[in-house]
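Just so you know, residue 1 is the first one in the sequence shown, and it goes up from there. Quick note: numbers below take in every heavy atom, side chains included, and nothing from hydrogens, waters or symmetry partners. Since the structure is predicted, the reported quantities are computational estimates derived from the model, not experimental observations.
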Amino acid sequence: MPSSTTNFLSHLAQVEVCDVQYNIRVLKMKDSVFIYIGEDKAETFDELAIAMPDANDASSGVLGSTIIGPRDGSGSQELAQLIARKLKKPVYLSLSSTVPNDRIVRPSIEKKIFEDIKNNIECF
């Protein structure tokens with residue numbers, strides 16, 4: 001349970017997809033969340049995206065940008081926007097290059113994140 005005296009709360013979730021273990025590291029801050037996703041024992045910080053709810057369109061608008069890394073659709077920004085829409089707060093997200101962008105791995109990781117949000121909302 002988060003303490004009212006601390007500004008940070010960390011959380012680790014793991015998901016195994018096709019015999020590969022992936023870590024989902026969450027750092028909950030006062031008004032935002034940082035999420036890192038990478039292959040277990042091969043974690044690299046290759047990119048960083050940010051997404052936040054649009055104050056002018058609170059119903060569904062989410063703004064996003066890639067801060068570090070390729071801007072060619074690697075997936076960090078899109079996933080950050082989905083999570084920011086769900087949490088209604090800014091999300092910083094790093095998706096390691098060790099995570100393949102395919103039809104099996106990425107959807108499995110996204111499913112795990114959203115299950116974790118549902119079951120452990122205090123960590124987000």
Side-chain angles (χ1 to χ4, degrees):
M1 195 70 176
S3 169
S4 60
T5 60
T6 182
N7 291 324
F8 297 98
L9 175 70
S10 65
H11 174 69
L12 172 65
Q14 296 179 310
V15 61
E16 187 173 318
V17 184
C18 300
D19 296 325
V20 178
Q21 185 86 12
Y22 295 96
N23 293 330
I24 303 165
R25 298 183 182 276
V26 179
L27 180 63
K28 179 182 178 182
M29 298 172 272
K30 183 179 178 200
D31 296 318
S32 62
V33 65
F34 171 80
I35 301 171
Y36 170 82
I37 304 162
E39 187 177 328
D40 188 38
K41 301 191 180 19
E43 296 180 329
T44 59
F45 190 86
D46 304 308
E47 58 184 68
L48 180 65
I50 183 171
M52 61 185 67
D54 183 351
N56 297 320
D57 184 10
S59 63
S60 65
V62 175
L63 306 172
S65 182
T66 299
I67 299 170
I68 300 170
R71 298 181 187 274
D72 60 355
S74 62
S76 288
Q77 182 179 329
E78 292 81 11
L79 184 52
Q81 288 176 288
L82 288 172
I83 297 170
R85 182 173 289 119
K86 175 78 173 171
L87 296 176
K88 297 179 177 41
K89 67 168 90 173
V91 172
Y92 299 88
L93 191 131
S94 177
L95 189 59
S96 172
S97 62
T98 62
V99 180
N101 188 7
D102 64 20
R103 297 182 330 193
I104 298 171
V105 176
R106 291 280 177 94
S108 298
I109 289 172
E110 288 181 26
K111 180 181 177 190
K112 175 64 174 172
I113 290 170
F114 284 102
E115 284 175 358
D116 225 39
I117 289 171
K118 181 180 176 184
N119 297 326
N120 299 296
I121 191 64
E122 70 279 0
C123 297
F124 292 86

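- L48 is not connected to I37 by any chain of hydrophobic side-chain contacts under 4.5 Å among Ile, Leu, Val, Met, Phe, Trp and Tyr, and they are in different clusters.
- Residues satisfying the side chain to side chain contact (heavy atoms under 4.5 Å, CB included) criterion with K86, sequence neighbours excluded, are F114, I117.
- In this structure E43 satisfies the side-chain hydrogen bond (donor to acceptor under 3.5 Å, both in side chains) test together with N23, R25, sequence neighbours excluded.
- Closest approach of G75 to E78, counting heavy atoms only: CA-OE1, 3.1 Å.
- Criterion: ILVMFWY side-chain heavy atoms under 4.5 Å apart, direct or through other members. Under it, I109 and I35 are part of a common hydrophobic cluster.
- With sequence neighbours excluded, the residues forming a side chain to side chain contact (heavy atoms under 4.5 Å, CB included) with N120 are H11, D116, E122, C123, listed by chain and number.
- When side chains are defined from C-beta on, F124 does not count as touching I83, because their heavy atoms never get closer than 4.5 Å.
- The two residues G64 and Q81 come nearest to each other via the heavy atoms N-NE2, 3.6 Å.
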Pair up each side-chain donor or acceptor in residues 91-100 with any protein partner under 3.5 Å, not counting sequence neighbours, and list the distances.
unit_1 : atom_1 : unit_2 : atom_2 : d
S94    : OG     : E47    : O      : 2.6
S96    : OG     : T44    : O      : 3.4
S96    : OG     : T44    : OG1    : 2.9
S96    : OG     : T98    : N      : 3.1
S96    : OG     : T98    : OG1    : 3.0
S97    : OG     : D46    : OD2    : 2.7
T98    : OG1    : E39    : N      : 3.1

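- Within the 4.5 Å cutoff, the side chain of K28 has heavy atoms near those of the K89 side chain.
- Heavy atoms only, all atoms of each residue included: Q14 and K112 are closest at O-CE, 3.4 Å.
- Partners of L63 according to the side chain to side chain contact (heavy atoms under 4.5 Å, CB included) rule, which considers only residues two or more places apart in sequence or in another chain, are D54.
- Closest non-hydrogen pair, P53 versus A84, comes out as CG-O, 4.0 Å.
- The shortest side-chain heavy-atom distance between I113 and L79 falls under the 4.5 Å cut-off.
- No continuous path of ILVMFWY side-chain contacts below 4.5 Å connects I50 to L82, so the two sit in separate hydrophobic clusters.
- A continuous path of ILVMFWY side-chain contacts below 4.5 Å connects V15 to V20, so both sit in one hydrophobic cluster.
- A continuous path of Ile, Leu, Val, Met, Phe, Trp and Tyr side chains, each step under 4.5 Å between heavy atoms, connects I24 with L87, placing both in one hydrophobic cluster.
- Atom CG in N7 sits 7.0 Å away from atom NZ in K30 (nearest 0.5 Å).
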